[in-house]
Number of protein chains: 2
Amino acid sequence: MVKETGRLTIPSDQDFLAETQQLIAQWGADAIRDSDGTKLDTALKQLSVKLYSTYFVARGYNDFVEKHPETIQELYLLSDRVAATEPEVTIPFMAHYFNQQIRPNYHDDPHTYWEVIDRTTGIVVPTTDWTLLPDADTVTVHHAVPYHEYTVSFLAELIWDPTEMYNHLTNHWGDVPHQVPFDVRYPVAQEFMQNTLRQWLAANPEIDVVRFTTFFYHFTLVFDNEEREKFVDWLGYGGTVSVPALKAFEQVKGYRLRPEDFVDAGYYNSSYRVPSQHYRDYIDFVARFVADQAKILVDLVHDAGKEAMMFLGDNWIGTEPYGPYFKDIGLDAVVGSVGNATTLRLISDIPHVKYTEGRFLPYFFPDVFHAGGDPIPEAKTNWLTARRAIMRQPVDRIGYGGYLKLAAQFPEFVDYVTHVADEFRDIYSKIHGVKPYAGLTVGVLNAWGKLRTWQPFIVAHGKWYKQAYSYEGVLEALAGQAVNVRFLSFADVAAGIPEDIDVLINVGGAGTAFSGGAAWQDPVLVARIRAWVAAGHGFVGIGEPTAIPGTYAGRTFQLADVLGVDQEVGFSLSTDKYQPTPVDDHFLTHGLTMPLNYGESTHNIYAFPETAVIASSAHEVYLTSHEYGAGRGVYLAGLPFSPQNANLLLRMLYWAAKREDTFQTWYANNPETEVAAYPAAGWYAVLNNTQAPQETTVYTTGGHQTTVQLNPEEIRWERIDHEHKG
Amino acid sequence: MVKETGRLTIPSDQDFLAETQQLIAQWGADAIRDSDGTKLDTALKQLSVKLYSTYFVARGYNDFVEKHPETIQELYLLSDRVAATEPEVTIPFMAHYFNQQIRPNYHDDPHTYWEVIDRTTGIVVPTTDWTLLPDADTVTVHHAVPYHEYTVSFLAELIWDPTEMYNHLTNHWGDVPHQVPFDVRYPVAQEFMQNTLRQWLAANPEIDVVRFTTFFYHFTLVFDNEEREKFVDWLGYGGTVSVPALKAFEQVKGYRLRPEDFVDAGYYNSSYRVPSQHYRDYIDFVARFVADQAKILVDLVHDAGKEAMMFLGDNWIGTEPYGPYFKDIGLDAVVGSVGNATTLRLISDIPHVKYTEGRFLPYFFPDVFHAGGDPIPEAKTNWLTARRAIMRQPVDRIGYGGYLKLAAQFPEFVDYVTHVADEFRDIYSKIHGVKPYAGLTVGVLNAWGKLRTWQPFIVAHGKWYKQAYSYEGVLEALAGQAVNVRFLSFADVAAGIPEDIDVLINVGGAGTAFSGGAAWQDPVLVARIRAWVAAGHGFVGIGEPTAIPGTYAGRTFQLADVLGVDQEVGFSLSTDKYQPTPVDDHFLTHGLTMPLNYGESTHNIYAFPETAVIASSAHEVYLTSHEYGAGRGVYLAGLPFSPQNANLLLRMLYWAAKREDTFQTWYANNPETEVAAYPAAGWYAVLNNTQAPQETTVYTTGGHQTTVQLNPEEIRWERIDHEHKG
Ligand SMILES: [Mg+2]
Ligand SMILES: [Mg+2]
Ligand SMILES: [Mg+2]
């Protein structure tokens, strides 16, 4: 067998040609990239690999911005809430903002574009009742009601690119000019960015791939007056606004947005919020604009004979890879950072590109690659975590970032990368383009649906949140499991549940966009799901599924009747709860060896009399099953990711779908191991997801089973012979 | 010193005269009572003690009910929720009700008095769209929407008195006729009950005290088809309704109530629900009626030269001892069951009676008083638990219930009762009518206010609930502490916080009447409290104080600004929370030796930057303090009762009120001990609340302190001398 090469991008470094050549050979790399802040060594250009060049569209051109200061990017910000103590209250609205990043926009009439709100009543203060003191960055409210809280929603200029600011502050760059991002909303900026790109393309003929990092608008990232992160939303549209944008929106959508549509009482339209129609409209409006403008740049790249790749992050806002306009951009590729199985799928499932690339960890940075450091544990964890997802839908390429010189100093790490690259190519060669076996199809149901494919629960990309991890485990499990996954919105489901869906899953905290909040007040939605479950399908609820905070219409969970459980919020304590006797033995917990772990768990859940209680304590239940017509509802209190919990989730899906008889198909009974099967290709693989040896019983088809011993991290490929095909 | 006697009621027993005389002498009893089911032995009537006779007004007269079946008591009940699967759905509305207790009222037109509701839309089904089949106890809905849930709210007769039913079923009375309660709403019933009482009074000249058990309406207690408790609300008005009552209500209040006003989506106006105006109006309407009718009976009792006492329980609904009409009844006394300090105060604080009496545990019943049984532990716990509250506001009498013969077989128990009676009389003689020292005045703020004095969180009287115990500890602590306690409603506070209040406390789960729910959307309320705290007062929040489920106006806790904490429900995860460094040492936790115990606790609470975090874990806080103007807000995640938690609460109150400098006044530093001081009487007492010896440092006034060794259960009386008076 000829060893495969390629499908690997590595970073460059200065004055490192020979070593780079050696690593290219050892790793089988076929592309080299620069990084933010470094440039490709001209010497590298002689190598027979593709060259990626990072390209920033809207930052790093301070000369232009100085000439056209009106084009500086802007955002709406909310001041602190200040309680009046007398009829006049002064709000220092810049308090707790970082004045090197944020500068109030005083040139567009504040009395037209700002809003002062009495947050205690929700009433907008008439513009005649407040005055602005620009020198002090204060607003004074007159005729205030004592002990009402007032806020100022103000339009501000973003005078420092958030990523460059972060790097600057983290790396103590000192007296280096701040990159001021400009807004392509302005025709003069569009013209400038197009010309700049044209010139750059002409000046860089040796570059093969223009790696846009990214386009026009950074996700919302605001620092505070102590130069710390104050607000971060990886999905946030905060930095996309401007007066021309507001005017264009009014033209297109037929109504005018208010500052409150952006600041949203201080929540800034977090993706945890059930999105308002105004915010949905705004996303649509911006995404259309971004696609149009990005297409112009991509066309220029293509005209220059190069490929256009976008980085999934930083200035990616408005690209919406799962949205309706993404295909119009015409990109060749997307590259993103891989933190786990979920983020791998977030990249690899993106449609309408020729290829996807996952950037793996660790970065070749001194925080890990220093004397005494060991980059291998992070590399192994990262690879094993993502590999499960690659088996379902591979990225087309993998890569690394940072400084090549640093990595080269760790020979065992260099060997590990060789292993990863070889294993990745081997996997890819076997399964690329082959539909893997899936036992069923899951619809992940929330307010966002397809638009936020693999994106629920993200706040800052890759960061752990107490309020998220008990739900994120669901996506992390699904991302590597032998099931098809679709993301469905409430509107999708209300219009008709797609034929291929076997199980709907609703997961999240009460009132959030992920469990659905007010969506569950829609009679059409609840009736449709009830009818569909009763007809023989499955509904899985995790956390506070279908919940209205407090109660609505006599229930907290609006599909309590399907799930067979509800949450006691105090109002129905008078109704006696006779918790059914927990069942001794149930398919859902067969073979689970460790105590169940619900993460933060959900409390005060009680089961209806006819519900099967599988896990409970004296006064609440955690895992239940309920027959509803010919279908089933299954409830779980929380699912942080673990191999056992992934196995539990798979059982829940099969049980809910009444497919438990086919559960042991292309299945390994040790939760640390998984099976991926590709009948069309005649392969199946048994994965050891751990760094320890594992024994597992592998079930193929037709009841065949074998016991398999796996080495640490092993992926064992087997041919599907006639017998296995059943 | 002459040994005091009296202030003690004991139960009677059959053929037990000599022994009863002996016990009267030993215990110093001055009253004998009968019990439900037993009658006073005529021989007892020669004793020189008062005789109490239980008197049932509205049950035990089946002959009358048979002649006047229209007077049978009624209630509105909600059927199960039944999902339609096709356009016709049949609801067996009696399913899960006990047909020996409940009988549908078919004689008042169901199409006028019942309601069929589509619970999925909330829309009332037109009466033309449903038909009733009385023989089957079913309603069939026509033109139903498939997979909408439908309910029937039906008027039903209560054909078995709930207490008698409970005793019957518990004690397997078998083929004994069921007592059917009648409703004094009907003039014929009023006439009957008055005549009956007149006759009874004439026939029982030797009775001194008529112990009404109680008046007209039992608290809501409904059994299910398995003869188990299905619904219980000790405060519930369920059983007060009837067609004449509905008509009278419409006359008095000017609008008509709907069945939904009673069934309340299945919550039946639980006291955890923020009471609707309709329900408040209905309580007022019933309480007025009950007071009017009860006054007639009490007047008859007085005319017969006897005293009228009411039992606080069973058929007590509508008496509302803390309501506006109670004084009109003219009762001499109230007797109630004492389970802890809270229930002691619930009895002893009742105004407008000449005396109150607490019935102590254990009952002299065979469940405890059997061969090998030991009644003393329960007696000790009950006495020590209630004694703290007696020191604040004594009942005027104590008593026991059950069978005297049983108690007499336990000589050590007889001795313990002697001890309790003597100790009670000694306490009473020293402190009756004397205002005890209180370091400050607390206002317990909820939707019910004074009407539900000492009654928050009760579902079934004396029963533990997972959703209640972490809040009930607050009342239990306050009931025995050296503070004045007032119960205030939101309306009270919005109208102006009373001058004497030093600290407001708001405790409970989000959305309940106890934390307040929608009340907190009232700008007048929140502004008034802010101003009041800022002026130097204290606000203590426990659990989910001031919370709107989900969020409202950018906050979950509407007084987050005062408390310095809010709850993260997911929407503001994007805003970085820099939890302040916990303070090493704080007045609030001085001297606390055990780990803090928040009971069920409250999760996802975060502190604002300027808040003092006193107890926390990595991602949430549990105990905090916050300066607000010249005042303070203090937050705690939950307070189940324990001596340490009681001490913590006291510290919170003093700290919030900025009275920490006077905290060590009439104070004992060992939480198992407490000090009660009566400067006007020249006494103070140090209580050992435990059954073990305790050492404690007692702080009197002016900084004086002494170390005191207390025997188990001891109450140590000391004279306040000149020095102590400071
Ligand atoms: Mg501008
Ligand atoms: Mg929650
Ligand atoms: Mg009747």
Side-chain angles (χ1 to χ4, degrees), chain A residues 81 83 85 118-122 145-149 220 224 228-233 236 265-268 270 272-273 459-460 465-468 508-512 517 523 526-528 530-531 534 549-551 553-554 561 568-576 578 600 603-604 619-620 629, chain B residues 81 83 85 118-122 145-149 220 224 228-233 236 265-268 270 272-273 459-460 465-468 508-512 517 523 526-528 530-531 534 549-551 553-554 561 568-576 578 600 603-604 619-620 629:
Chain A
R81 298 162 74 111
T85 57
D118 176 344
R119 291 286 169 189
T120 303
T121 61
V145 184
Y147 292 100
H148 284 208
E149 288 188 307
T220 318
D224 72 7
R228 303 174 302 188
E229 186 180 284
K230 176 182 172 68
F231 183 92
V232 57
D233 180 1
Y267 302 128
Y268 295 97
S270 157
Y272 282 68
R273 298 276 280 170
V459 180
Y465 289 84
K466 173 180 163 67
Q467 290 83 357
T512 65
V526 296
R528 191 173 289 283
R530 283 182 187 137
T551 64
D561 57 329
E568 176 56 73
V569 299
F571 301 156
S572 53
L573 285 173
S574 282
T575 298
D576 290 85
Y578 295 98
E600 295 295 302
H603 296 292
N604 300 316
H619 299 282
E620 58 191 16
Chain B
R81 299 161 74 110
T85 57
D118 176 343
R119 292 285 169 189
T120 303
T121 60
V145 184
Y147 292 100
H148 284 208
E149 287 188 307
T220 318
D224 73 7
R228 304 174 302 188
E229 186 182 285
K230 176 182 171 69
F231 183 92
V232 58
D233 180 1
Y267 303 129
Y268 295 96
S270 157
Y272 282 69
R273 298 277 280 169
V459 181
Y465 290 84
K466 174 180 162 65
Q467 291 83 0
T512 65
V526 296
R528 190 172 291 282
R530 283 182 187 135
T551 64
D561 57 330
E568 176 55 74
V569 298
F571 301 157
S572 53
L573 285 173
S574 282
T575 298
D576 290 87
Y578 295 98
E600 295 295 301
H603 297 291
N604 301 314
H619 299 282
E620 58 191 17

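- Scanning all heavy atoms of the two residues, the minimum distance from B:A527 to A:P146 falls at CB-O, 3.8 Å.
- Within the 4.5 angstrom heavy-atom criterion, atoms from both the backbone and the side chain of A:Y267 approach chain B.
- Among the candidates B:F231, B:Y272, B:Y578, the residue making the largest number of heavy-atom pairs closer than 4.5 Å to chain A is B:Y578.
- Of the atoms belonging to A:V232, heavy atoms from both backbone and side chain fall under 4.5 Å from chain B.
- Under a 4.0 Å N-O distance rule, the pair A:R530/B:E149 qualifies as a salt bridge.
- For A:A460, no part sits under 4.5 Å from any heavy atom of chain B, backbone or side chain.
- In terms of heavy atoms, B:S270 sits closest to A:G570 at OG-O, 4.1 Å.
- Considering all non-hydrogen atoms of both residues, B:A534 and A:Y147 come closest at CB-OH, 3.1 Å.
- A:H619 NE2 to B:E600 CD: the interatomic distance, rounded to the nearest 0.5 Å, is 8.5 Å.
- Interface summary for chain A: among B:D224, B:T121, B:V459, the most heavy-atom pairs under 4.5 angstrom belong to B:V459.
- Rounding to the nearest 0.5 angstrom, the gap separating the OG1 atom in B:T120 from the CG atom in A:D561 is 7.5 Å.
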Worked check of side-chain contact (heavy atoms from CB on, under 4.5 Å) between B:R228 and A:D576: CA-CA 9 Å; B:R228 304 174 302 188; A:D576 290 85; over 6 Å; no

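- Counting heavy-atom pairs closer than 4.5 Å to chain B, the top-ranked of the candidates A:S572, A:G550, A:G236, A:A531 is A:A531.
- With a threshold of 4.5 angstrom between heavy atoms, B:K466 approaches chain A through side-chain atoms but not through N, CA, C or O.
- Taken to the nearest 0.5 Å, the CZ atom of B:R273 stands 11.5 Å off from the OG atom of A:S574.
- Taking both residues in full, the closest heavy atoms of B:T512 and A:V569 are given as CG2-O, 3.8 Å, listed atom of the first, atom of the second, then distance.
- Top candidate by heavy-atom pairs under 4.5 Å with chain B, chosen from A:G629, A:A265, A:P523, A:A83, is A:P523.
- By number of non-hydrogen pairs under 4.5 angstrom with chain B, the leading residue of A:E229, A:H148, A:R119, A:R528 is A:E229.
- For A:Y268, no part lies near chain B; criterion is any non-hydrogen pair under 4.5 Å.
- Listed options A:E568, A:H603, A:R81 were ranked by heavy-atom pairs under 4.5 angstrom with chain B; first place goes to A:R81.
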